[in-house]
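Computed from a predicted structure; not experimentally measured. First the proteins, then the strands, lettered A, B, ... as listed; each starts at 1. Because only heavy atoms are used, hydrogens play no part in the values below, and waters and symmetry mates are left out as well, while side chains stay in.
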Amino acid sequence: MSALFDILASAGLWAAVLRIATPLILATLGALISERAGVLNLGIEGIMTFGAMSGWLAVFNGADLWVGLLVAALGGAMFGLLHSVLTVTLGLSQHVSGLGVTLFASSFAYYVFRLMVPVAGTPPTIEPFRPLNIPALSDLPFFGPAFFTQTAPTYLAIGLAIALAYLIARTPVGLAIRMTGENPHAAEAQGLNPMAIRYGAVIFGSALMGVGGAFLTLSAFNSFFPTMVQGRGWICIALVVFASWKPERALLGAILFALFDAFQLRLQTVLSGVVPYQIFLMIPYLLSIAALAVMARRARVPQALMQPYRRGER
Amino acid sequence: MTDIVLDIRNVSKRFGDNLANDDISLSLGKGEIAALLGENGAGKTTLMSILFGHYVPDTGSVSVMGQTLPPGKPRAAIRAGVGMVHQHFSLAPNLTVLENVMTGTESLWSFGSNVSAGRKKLIEISQRFGLKVDPDARLGDLSVGEQQRVEILKALYNDARILVLDEPTAVLTKLEAETLFSTLKDMARQGLSLIFISHKLDEVMATADRIVVLRGGRQVAERKVGDTSKAELAELMVGRKVTRPVREASTPGEVVLEAAGITVRSGGVDRLKAIDFRLRAGEVLGIIGVSGNGQAVLAQLLSGTIGRSAGDLVLFGKGGGDLTVADAVSSGIGRIPEDRNRDGAIGEMAIWENAVLERLPEFSKGGLVDRKAGIAFATRIIEGFDVRGGSPTSRIRLLSGGNMQKLILGRNLIEHPKILLAAQPARGLDEGAVAAVHERILEARKAGTAVLLISEDLDEVMALADRIQAIVGGRLSPSVNAEDVDAQRLGLMMAGEWEGATDAV
């Protein structure tokens, strides 16, 4: 029992939690805003992969790390545009289109990667983001190493979650997005353009997914390999439901999931040999399902989610 | 007429072969209530969609306060002060009342939303017109009548001077409708101009100053309310004389269905409280009451979709357990559900499929659906019950309300059921269809069917029922003979005043 407590009390655990949570926060926010406007974007897994690749590739070719993030955002936005054309303009099934985007974007990412980077024994690396040293805060005992030794994108992700929470709850554009996700006909009756709002939300959301993916190659790690997103996109789709479509809860959910994950990593070392480590790999997912079952039962789904909007039709 | 606020000039609109509006002109004065009266498909909604900019007219123009509106621009109509209250509300159930009202009223790029100013304006309007509503309530938690209030407030919040209401009472209970009309009159007194679309003669006569009658896309008459009568309007609207059928005397047969002290408890509440009634062959028993007093549960009980908690249900002299839906069908209980779109028909399925669905075993051969027999059956119903506007293979959604109801009636009556359970059978139907439905119900009664009529329409119950019981808060009054009561006494019964009354025989 004391072993478990020791894990929780180590600053390293909490530093890892924020690091693991960052891509989840970004991509969950992206999926969330798009769903708030009524469009499910299952392209997330592929868009994250493409973001991870394109951001890394830009930096590998000499660009600044921040430019890398921007390239990843643009790459994500491009696939968001594709998903919007298919689901908003053409009104196709959002599930099918999203899965198509995922398959296409991840293969395309690998294709471009192989085209640009010759096969080598060890994958080529870049110089990733360094932890940000915040005067005073970073030097605090325990809290310093636990919470204030992150890289800049992590703080960006947390700030973004708060900003989006404000945007959705308090601004006219947030209300317009929510109305479009609840009842696009009502939005139009009030003089808004639901098609344009959906395009905007999907493209912006996809850009965030791209940035989320790029965090993996530009901060958490320093090279790209095609399977590195490892189902994080699907976790984000579940986190949106867990968060009841609220950005502030998405932040919480991502951190909670990251905590499970960081915890099991350390548990593996403590209990190695007693139980097969694969058991621990399952833990975050099992706990996520349990948390989802508890939290999501009272969630209010956007009423027009997954319903194509056609003008003049009811 | 003094100030003309709205002037519709020579508007025509064609959809394919169908001339939906044929050279229609209409003007509206300040503070006036005009009714647009017509059957379904007369072109009322098309005309109002042109006014609101949803459709572009082929010819003609619309001007508001002397300014001609650009065709096909809803935004311009809103800005000119035209507000539209749609029959199907344009509201989001998960958002609050205030959010529904404020959507799209502020610049999308402003950094914050002035919620407190919005709330103040909403409360002001709601007090001024007596439209009471809680700005922070979630819309989905409101009743249909309250949601309509929000829809009206939304238009007023956009500074509407002309309010168009498309069949505003179609979804309301009688009580809610009365409240609505007194609000509308109050708005007119305060200088707003209103047009409401309707096919209900009573409400048109009671509310409007002026009545414009449309039939088949043409404007057939315009009358001041003082210069006309219900009978004349009905004739103008339908194009021929419509008379509702009259109930002939009959001798009821034996008791086919008896409820003794039935209580139904669901969700921790007694929805029906120890109710008693007896239904005999060849009679119509009317259950009258304001919606939401247990009618729906009573209908579910007899359709076999909900069970009893206490009491006995005796069917054809045999008591026993709860009915199942299959029991109800096989023992000859025909059912006309209250909400035909939700419980009576599956919109996207063909008419013939809807006709045979509840008796599928009769229409299957070797495990497959006998399509040919099904279509033949549907054809018989269509011909026998005068269902217009669709073939057996077209989707039932495309039928008008009246024709869908005729099909549902036909599906039940064609095999001469022993019991017919009719819940609000004429709700939302136009005058011609009401007469047709009533006629069929009386025919069934003559043929020996026992009819349980659940309705909140006094005229309907008094015209059709032999005996009447009122339902209030899940309790059922003793029955009275229709001959012995007048509207006033029934009104009292609907309010729960039946002390000392005993069952009529």
Side-chain angles (χ1 to χ4, degrees), chain A residues 32-33 35-38 162-201 204 240-241 243-246 296 298-307 309-314, chain B residues 15 45 49 52-56 72-80 82-96 98-118 138-141 147 150-151 154-155 157-158 160 164 166 341 347 397:
Chain A
L32 186 146
I33 197 151
E35 287 186 32
R36 263 295 166 101
I162 295 163
L164 282 182
Y166 177 82
L167 178 102
I168 286 182
R170 293 292 155 95
T171 65
V173 74
L175 181 57
I177 290 171
R178 282 187 285 149
M179 181 59 87
T180 304
E182 296 288 341
N183 184 350
H185 299 279
E188 184 171 40
Q190 291 283 76
L192 298 170
N193 181 348
M195 294 275 204
I197 290 168
R198 285 192 165 181
Y199 260 82
F204 178 71
V240 174
V241 182
S244 300
W245 291 269
K246 292 192 171 87
R298 277 168 301 151
R300 294 211 166 107
V301 189
Q303 293 295 297
L305 183 60
M306 293 186 276
Q307 284 170 16
Y309 171 72
R310 294 190 185 91
R311 219 190 144 183
E313 217 178 71
R314 285 208 158 262
Chain B
F15 293 108
T45 302
S49 299
F52 199 62
H54 281 314
Y55 295 147
V56 180
K73 294 263 191 309
R75 195 82 208 133
I78 294 176
R79 237 179 272 130
V82 181
M84 183 104 180
V85 176
H86 296 271
Q87 188 179 352
H88 306 281
F89 305 146
S90 293
L91 298 168
N94 272 342
L95 303 186
T96 68
L98 186 61
E99 287 172 336
N100 268 285
V101 169
M102 285 185 74
T103 300
T105 59
E106 294 175 291
S107 160
L108 282 188
W109 308 116
S110 61
F111 190 64
S113 170
N114 200 343
V115 180
S116 58
R138 199 180 75 97
L139 192 99
D141 295 337
Q147 294 191 11
V150 177
E151 187 82 340
K154 216 166 76 173
Y157 190 93
N158 282 324
V164 180
D166 189 0
N341 291 307
R397 186 165 72 86

*Please state whether the side chain, the backbone, both or neither of I78(B) comes within less than 4.5 Å of a heavy atom of chain A.*
side chain
*asked:* For R300(A), which atoms come within 4.5 Å of any heavy atom of chain B: side chain, backbone, both, or neither?
replied: both
*asked:* Is any side-chain heavy atom of D166(B) closer than 4.5 Å to one of T45(B)?
replied: yes
*Which heavy-atom pair separates E35(A) from L305(A) by the least distance, and what is that distance?*
O-CD1, 3.7 Å
*Find the one option among R75(B), M84(B), E99(B), E106(B) whose heavy-atom pairs under 4.5 Å with chain A are most numerous.*
E99(B)
*asked:* Quick one: does any side-chain atom of Q303(A) pair with a main-chain N or O of N183(A) as donor and acceptor, under 3.5 Å?
replied: no
*Using non-hydrogen atoms only, which part of S107(B) is less than 4.5 Å away from chain A: side chain, backbone, both, or neither?*
backbone
*Distance in Å, I33(A) CD1 paired with F204(A) CZ, rounded so as to fall on 0.5 Å steps*: 5.5 Å
*Name the region of N100(B), side chain, backbone, both or neither, that has any atom closer than 4.5 Å to a heavy atom of chain A.*
both
*Toward chain A, the part of M102(B) with a non-hydrogen atom under 4.5 Å*: both
*Using the ring of each side chain (for Trp, its six-membered ring), is F15(B) parallel, tilted or perpendicular to Y55(B), with breaks at 30° and 60°?*
perpendicular
